[in-house]
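This report concerns only the one structure given below.
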Amino acid sequence: MRFNAAPLGELPPVTKALAALIFAGWLAEMAFGFRLNFYFGLVPFNFTNQLWLWQAFTYIFIHAEFWHFLFNALMLWMLGGSIEQDMGSRKFLAYFLACGAAAALLTVAFEPGSLRPVIGASGAVYGLLGAFAFLYPNATVNFYFLFPMSARTMAILLGTIEFVMTLSRPGSKISSVTHLGGLLAGLLWLWAERRWRERPV
């Protein structure tokens, strides 16, 4: 099975809505900059000390750089449609937000005193990567749009890269621990759900 993304006009409703929110968040960041990031990005110190708990969700939709926004929007387009159709819209929305929030919690736990805002949908998008690999492990995908491999292999490779980068590049502008948190949260969700379905009755 070779994976092909759905045309934009055929995307299911939640995927479309999330893409629109990510686009709006990118425009808002260009307009308001650091002030928006400080209050609605994920600032670990504010999250733990001020209890600005909404940041675990709002940071997902803010992007500062065009290429960061474009990558996450492309991944949402490529993966979201198939996963939403498989899960159903309501569950897909809950899954996407839960992966983003779990990624935020791991980020806060990793650097609880940090004042640097973390922004972007990458944690939730890595959750989608995990879901795609879990649901369609043998589907052929192009890693970085160039190298064909199975979805399972891609998820393992990306998880390994993010784990190594988390340990080897503390303080990097790219929050690898956020990516890793979203991926692990998604896989844990789906594994627990499968075990629940397979339990003896």
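Every heavy atom of this structure was used, including side-chain atoms; hydrogens, water molecules and symmetry mates were not. For reference, positions follow the sequence shown, starting with 1.
Residues that satisfy the ring pair (Phe, Tyr, Trp, His ring centres under 6.0 Å) test with Phe45, not counting sequence neighbours, are absent from this structure. Under the side chain to side chain contact (heavy atoms under 4.5 Å, CB included) criterion, Ala133 pairs with Ala151, Ala155, not counting sequence neighbours. By the ring pair (Phe, Tyr, Trp, His ring centres under 6.0 Å) test, Trp52 is found to be paired with Phe38, Tyr39, Trp54, residues two or more places apart in sequence or in another chain being considered. Applying the side chain to side chain donor-acceptor pair (under 3.5 Å) rule to Ser150 yields the partners Thr153; only residues at least two apart in sequence or on another chain are considered. Residues passing the side chain to side chain contact (heavy atoms under 4.5 Å, CB included) test with Ile156, sequence neighbours excluded: Arg152, Thr160. The side chain to side chain contact (heavy atoms under 4.5 Å, CB included) check on Ala104 picks up Leu42, Ala56, Tyr59, with sequence neighbours excluded. Taking the side chain to side chain contact (heavy atoms under 4.5 Å, CB included) definition, one finds that Leu36 meets it with Ala28, Glu29, Phe32, Phe40, Ile62, sequence neighbours left out.
Linking ILVMFWY side-chain heavy atoms closer than 4.5 Å, directly or via other members, places Ile119 and Phe66 in two distinct hydrophobic clusters. No path of Ile, Leu, Val, Met, Phe, Trp and Tyr side chains, each step under 4.5 Å between heavy atoms, connects Phe34 with Trp26, placing them in separate hydrophobic clusters. In this structure, Leu76 is a member of the same hydrophobic cluster as Trp67, with clusters built from ILVMFWY side-chain heavy atoms closer than 4.5 Å. Note on Val125: it clusters hydrophobically with Leu21, by side-chain heavy-atom contacts below 4.5 Å among ILVMFWY residues.
Just one of Thr15, Leu183, Ile83 meets the side-chain contact (heavy atoms from CB on, under 4.5 Å) condition when paired with Leu128; it is Ile83.
Here the shortest heavy-atom pairing between Ala102 and Ala185 reads CB-CB, 3.4 Å. A pairwise comparison of heavy atoms in Gly186 and Tyr95 identifies CA-OH, 3.0 Å as the closest pair. Of all heavy-atom pairs spanning Ala103 and Gly182, the tightest one is CB-N, 3.5 Å. The minimum heavy-atom distance between Ala124 and Cys99, with the atom names listed, is CA-CB, 4.1 Å. Closest non-hydrogen pair, Ala131 versus Met87, comes out as CB-CE, 4.3 Å.
Ring-plane geometry between His63 and Phe69 is classed as perpendicular, the angle between the planes exceeding 60 degrees on a 0 to 90 degree scale with a lower cut at 30.
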- Might you work through the side-chain contact (heavy atoms from CB on, under 4.5 Å) test for Val14 and Phe96, ending with a clear yes or no? CA-CA 10 Å; Val14 171; Phe96 184 87; over 6 Å; no
- So Phe110 and Thr178, side-chain contact (heavy atoms from CB on, under 4.5 Å) or not? Walk me through it. CA-CA 9 Å; Phe110 194 73; Thr178 309; over 6 Å; no
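Taking OG from Ser122 and CG from Leu180, the interatomic distance works out to 13.0 Å, rounded to the nearest 0.5 Å. Here Met78 contributes atom CE and Leu129 contributes atom CG; the two are 9.5 Å apart, rounded to the nearest 0.5 Å. Taking OG1 of Thr107 as the start and NE2 of His179 as the end, the distance is 9.0 Å to the nearest 0.5 Å. Put simply, CD1 on Ile60 and CD1 on Ile22 are 8.5 Å apart, with the number rounded to the nearest 0.5 Å. One finds the OG1 atom of Thr48 at 11.5 Å from the CG atom of Leu105 (value rounded to the nearest 0.5 Å).
For the pair Leu18/Phe92, a side-chain contact is recorded, criterion being any heavy-atom separation below 4.5 Å from C-beta on.
Within the 3.5 Å criterion, the main-chain N or O of Val43 finds a donor-acceptor partner in the side chain of Gln55.
For residues 67-90, no pair satisfies salt bridge (Lys or Arg N to Asp or Glu O under 4.0 Å), with sequence neighbours left out. Applying the side chain to side chain donor-acceptor pair (under 3.5 Å) definition to pairs two or more places apart or across chains, those involving residues 180-197 are Lys91-Glu193.
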